[in-house]
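Following: one structure in C-alpha cells, then a few remarks.
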Amino acid sequence: MFRRLLLMLNSCYFEPHMRRTEIAKAIGGEKIGDKLKIMGWVRTFRSNRFISVNDGSTIKNIQAVVDFENFDAELLKRITTGASVSVEGLLVESLGKGQAVELQVEKLEVLGDSDPDKFPLQPKRHSLEFLRENAHLRARTNTFSAVFRIRHAVAYAIHKYFNDEGFYYIHAPIITGSDAEGAGEMFAVTNFDLENPPKKDGEIDYSQDFFGKKTNLTVSGQLEAELAALALSKVYTFGPTFRAENSNTSRHLAEFWMIEPEVAFADILDNMDLAEGFLKYVIKHVLKHCKDDLEFLEQRKQQEEKGLPEAQRSELDLIESLNFVSENDFVRLTYTEAIDILRNSKPNKKKKFQYLIDEWGADLQSEHERFLVEKHFKKPVILYNYPKEIKAFYMRMNDDNKTVAAMDILFPGIGEIVGGSQREERLEVLKTKMAEFDIPEDEMWWYLDTRKYGTVVHSGFGLGFERLVLFITGMGNVRDVIPFPRTPKNAEF
RNA sequence: UCCUCAGUAGCUCAGUUGGUUAGAGCACCUGACUGUUAAUCAGGGUGUCCCUGGUUCGAGUCCAGGCUGAGGAGCCA
C-alpha cells in the first residue's frame, strides 16, 4: 500500500536524486508506466534514436529511445559504443519488435566518454583470443558477462549445497611449508632479494627467510581439509590453487580454484555418492537460475560449431547436455573393468590408439578416457580402484593389495573433473606407503598424528572449479571462464 | 616441455609458380536518411605484412633462428 503511494508520487515528478534501477529489474515487466533511471554502458546506438544499454545485471539490453530532435546533437555524438550513460524516462511497452519494453528518454547524461576510434570492442563478433588479450574489457561482451554470471551462480550453488548438507567451509592456507604434497611443481614464496639471497656454506639459507623455512603457494588444500574433517566430520575448502607446471592446454591454469570436500566416517562409495549428487545439484541450480545466459551461450556454441565437420559437433545442445547429466546416473566402473572394455575396443584392436592397452597396470591416457566417456558410455563415468602404483601415497590400500580406493570422474569434452579417494587411515600402512614414495615422515608429522590419535575412515575429492564452469557454459578453454587467467608467460592485468 | 598449425589495416580474414602502387567485409571519418535490432545508402584506406638475419635483380610469399598465440600430448583439477 505504502509502496503504491510512493510509486504514484514518483511518477508525478522527478526526485532530485532518483535511484538507479537495474536493467534486470526494469525489463521484468512490473515497472511499465514508471519513471526510471538506468545507468550502464552503450552497446549500440542505432538510427540516432535507439540506445542499447547494458549494465551487466542481465544479458539483455534495455532500449532507450531518444527523440533526437529535442536533444543537443553534440550530446548525441558522444553516445558511442562503450560510453557510460545515465538515462531517465518513462518505461513503456515497446513500439517495435525485439523487446517488450523501452525507455522514453527525458534526461540523458554521458557519464564517461569512449573514443569509438580507440575502444577495442566493436558491435560485432570478436575472437575469444582477441578478447583474452583485452581481458580488462571482455566482461562487457555478452559472452563473458554471461560466463561470469554463471561462474558466480556455480560458486554460490557450491556453498549452498555444502551448507545445506551440514558441511563447514574451511579456509586452507594459501602459503604452505610442506613440499611433500606431491601434486606437481610449486611456486616459491620468499621475501629474499633474489639477486643476493643469504647463504650458508654455499647454499641458500632459508632459516633467514620470512617464515624461517622454504615455503610455497599451495597446490592442494586436501591435507589441511583432512585435519579439519577429523574434527568437524564434514568440511570443504574452496580456494585458489597454484601449479607451476608448464602446461599449455585448454584445461590447465597456473592459478585455479579448487573445491575439496573431506568427510569422516565415509568410504569410497559414500565419496562417489557425494560427488555425483553434488555435481547434479550445482548443474540443476544453474539450469534454474541462469536460463537467459545459458540460452545465449547455447546459441554461441551452435554458431561456433557451424564451421566444424558434423562428426566434431556436439550431439546435444548445451542445455540438453546439462539436463542429461543432471538427470541420469553416472556410470561406475572399476579400473579393471575399464581395461577390459578398452582392450577389446575397436580403436585398440585396429591400433588407432596412440598408446595401445595390452595389460593391467597401464596408466590411462586422455584418448582412453575420452573413448570411455564420449564413445562407449556417452555419459559421465566414475572410474575407481586404480593400481596403487599410478596413484598418490595417501590413497587407501584395498584388500587385494594391488589397488587403492581412488576415484576419478570423467566428463565429456573435459576429461577429469574430479579426482578423489578414500584416505589411508591405518598408521602403519600409511608409513609404509610414504617410505615407498620417498616422502619424509618428519615433514608430515602433523598428518601422521591424525592417524595416531583417533583415526577414522575418511574420504574426499578435489573438483576443478574452472573445469566445471567450462562444462556448464559450453566454452572451450578454461582461460575463458576465469576473469584473469594465469598461464605460462601470461600474468597481465 | 614435446608435436602440429598460425601471425597481413582497429577487428575478422584473402593475397596465385617470388614480380609493379598489398586487398575485402566490418569498425572508424564525412554526408544523407530516420521505429531501428550488429540500422541503411554514398564517399574516404587508416599498414613496422610478428622480429632478426639470409637467399634473390626483386620477399607478405622461399630458408634459418627467435617471439607470441591456438590445437593436441604429458602433468593434472
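Worth saying up front: this structure is predicted, and the values here are computed from it rather than measured. So you know, we letter chains A, B, ... as the sequences are listed, proteins then strands, and number each from 1.
Remark: the A:S247 side chain and the B:rC75 base include a donor-acceptor N/O pair separated by less than 3.5 Å. Taking 3.5 Å as the limit, the base of B:rU1 and the side chain of A:E245 contain no donor-acceptor pair of atoms between them. One cannot find a donor-acceptor pair under 3.5 Å joining the base of B:rG72 and the side-chain atoms of A:E367.
In this structure, the separation between CG on A:L103 and CD1 on A:I38 is 6.0 Å, given to the nearest 0.5 Å. To the nearest 0.5 Å, atoms CZ (A:R140) and CZ (A:F119) are separated by 5.0 Å.
Of the candidate nucleotides B:rG72, B:rC76, B:rC28, B:rG72 has the atom lying nearest to any side-chain atom of A:S250. Considering only the side chain of A:Q99, B:rU37 comes nearest among B:rG35, B:rC75, B:rU37. Here the side chain of A:H252 is nearest to one of B:rC75, B:rU34, B:rG74, namely B:rC75.
Between B:rC76 and B:rG60, the distance separating the two P atoms is 47 Å to the nearest Å. Of the C1' atoms belonging to B:rA9 and B:rG44, the separation is 14 Å, rounded to the nearest Å. Distance check on atom C1': B:rU48 versus B:rU16 gives 25 Å, rounded to whole Å. Distance check on atom P: B:rG58 versus B:rG54 gives 12 Å, rounded to whole Å. Of the P atoms belonging to B:rG74 and B:rU12, the separation is 30 Å, rounded to the nearest Å. Across B:rU55 and B:rU1, the matching C1' atoms stand 33 Å from one another, rounded to whole Å. Nucleotides B:rC63 and B:rG23, compared at atom C1', are 27 Å apart to the nearest Å. B:rG25 sits 15 Å from B:rG15 when the C1' atoms are compared, rounded to a whole Å.
Distances shown here put every side-chain N or O of A:S366 at or beyond 4.0 Å from the OP1 or OP2 atom of B:rG72. Taking side-chain N and O atoms only, A:T44 has a distance below 4.0 Å to OP1 or OP2 of B:rA39.
A:I259 comes within contact range of no nucleotide atom at all, as no heavy-atom separation falls under 4.0 Å. Residue-level contact check: A:G96 touches the bases, meaning some heavy atom is under 4.0 Å from a base atom. Among the atoms of the strands shown, base atoms are found under 4.0 Å from some heavy atom of A:S94. Within 4.0 Å of A:D117, counting heavy atoms only, lie sugar-phosphate atoms of the nucleic acid but no base atom. The residue A:Q63 sits close to a base: some heavy atom pair falls under 4.0 Å. A:E260 comes within contact range of no nucleotide atom at all, as no heavy-atom separation falls under 4.0 Å. A:L95 comes within 4.0 angstrom of a nucleotide base, judged by non-hydrogen atoms across all strands.
For A:D408 (side chain) and A:G419 (main-chain N/O), no donor-acceptor pair under 3.5 Å exists by modelled atom type. Side-chain atoms of A:N134 come within 3.5 Å of backbone atoms of A:F130 as a donor-acceptor pair (strictly under, hydrogens ignored). Remark: the backbone N or O of A:E492 is paired with a side-chain donor or acceptor of A:N490 at under 3.5 angstrom.
Put simply, the side chain of A:R467 does not reach to within 4.5 Å of the side chain of A:F256, judged on heavy atoms.
Contacts of residues 45-60 of chain A with RNA chain B (heavy atom under 4.0 Å): A:R46, A:S47, A:N48, A:R49, A:F50. For the segment residues 468-493 of chain A, residues with any heavy atom less than 4.0 angstrom from an atom of RNA chain B are, sorted by number, A:N477, A:R479, A:K489. A heavy-atom distance below 4.0 Å to RNA chain B is reached by these residues of residues 121-142 of chain A, ordered by number: A:Q122, A:P123, A:K124, A:H126, A:S127, A:E129, A:F130, A:R132.
In this structure, A:E93 places its CD atom 16 Å from C1' of B:rG35, rounding to the nearest Å. The distance between atom CG of A:N248 and atom C1' of B:rA73, rounded to the nearest whole Å, is 11 Å. Straight-line distance from the CD atom of A:Q222 to the C1' atom of B:rC76: 14 Å, rounded to whole Å. Atom pair A:M407:CE and B:rA77:P shows a separation of 11 Å (rounding to whole Å applied). B:rC76 atom P lies 19 Å from atom CD of A:E466, rounded to whole Å. The distance between atom OH of A:Y355 and atom C1' of B:rC75, rounded to the nearest whole Å, is 12 Å. Rounded to whole angstrom, the span from the CD atom of A:Q354 across to the P atom of B:rU4 amounts to 13 Å. For the pair A:L279 CG and B:rA77 C1', the interatomic distance rounds to 12 Å; values are reported in whole Å.
For A:F238 and A:F465, the distance between ring centers is under 6.0 angstrom. Note: A:H159 and A:Y236 meet the aromatic proximity criterion, with ring centroids under 6.0 Å apart.
Around atom CD of A:E436, more than 12 heavy atoms belonging to other residues, nucleotides or ligands sit under 6.0 Å away.
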Mind listing the N/O atom pairs, protein and nucleotides 41-49 of chain B, below 3.5 Å?
none

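Base-pair partner of B:rU1: B:rA73 (Watson-Crick or G-U wobble, both distances under 3.5 Å). With a cut-off of 3.5 Å on both pairing distances, B:rU56 has no Watson-Crick or G-U wobble partner at all. The partner of B:rU37 is absent, by the rule that a Watson-Crick or G-U pair needs both atom distances under 3.5 Å. If you check B:rU61 for Watson-Crick or wobble pairing at under 3.5 angstrom, you find it has no partner at all. Searching all strands for a Watson-Crick or G-U wobble partner of B:rU48 with both distances below 3.5 Å returns nothing. Taking a pair to require two hydrogen-bonding distances under 3.5 Å in either a Watson-Crick or a G-U wobble arrangement, B:rA6 pairs with B:rU68. Nucleotide B:rU30 forms a Watson-Crick or G-U wobble pair with B:rA42, both donor-acceptor distances falling under 3.5 Å.
Between A:F484 and A:F493, the two ring planes are tilted [angle within 30° to 60°]. Ring planes of A:Y335 and A:W360: perpendicular class, angle over 60° (limits at 30 and 60°). Ring geometry, A:H368 versus A:F353: the interplanar angle exceeds 60°, so the pair is classed perpendicular (tilted spans 30 to 60°). Relative orientation of the A:Y156 and A:H152 rings is parallel, given thresholds of 30° and 60° on the angle between their planes.
Each of A:R251 and A:F465 was assigned the nucleotide of RNA chain B with the nearest heavy atom; the assignment lying further toward the 5' end belongs to A:R251.
A cation-pi geometry, defined here as NZ or CZ lying under 6.0 Å from the six-membered ring centre and within 45° of its normal, holds between A:K280 and A:F330.
Judged purely by distance below 3.5 Å, without hydrogens or angles, the side chains of A:S47 and A:R49 never pair a donor atom with an acceptor atom.
Every residue meeting the side chain to side chain contact (heavy atoms under 4.5 Å, CB included) condition with A:H171, not counting sequence neighbours, appears here in chain and number order: A:Y169. Annotation: side chain to side chain contact (heavy atoms under 4.5 Å, CB included) contacts of A:A244 (sequence neighbours excluded): A:E185, A:F187.
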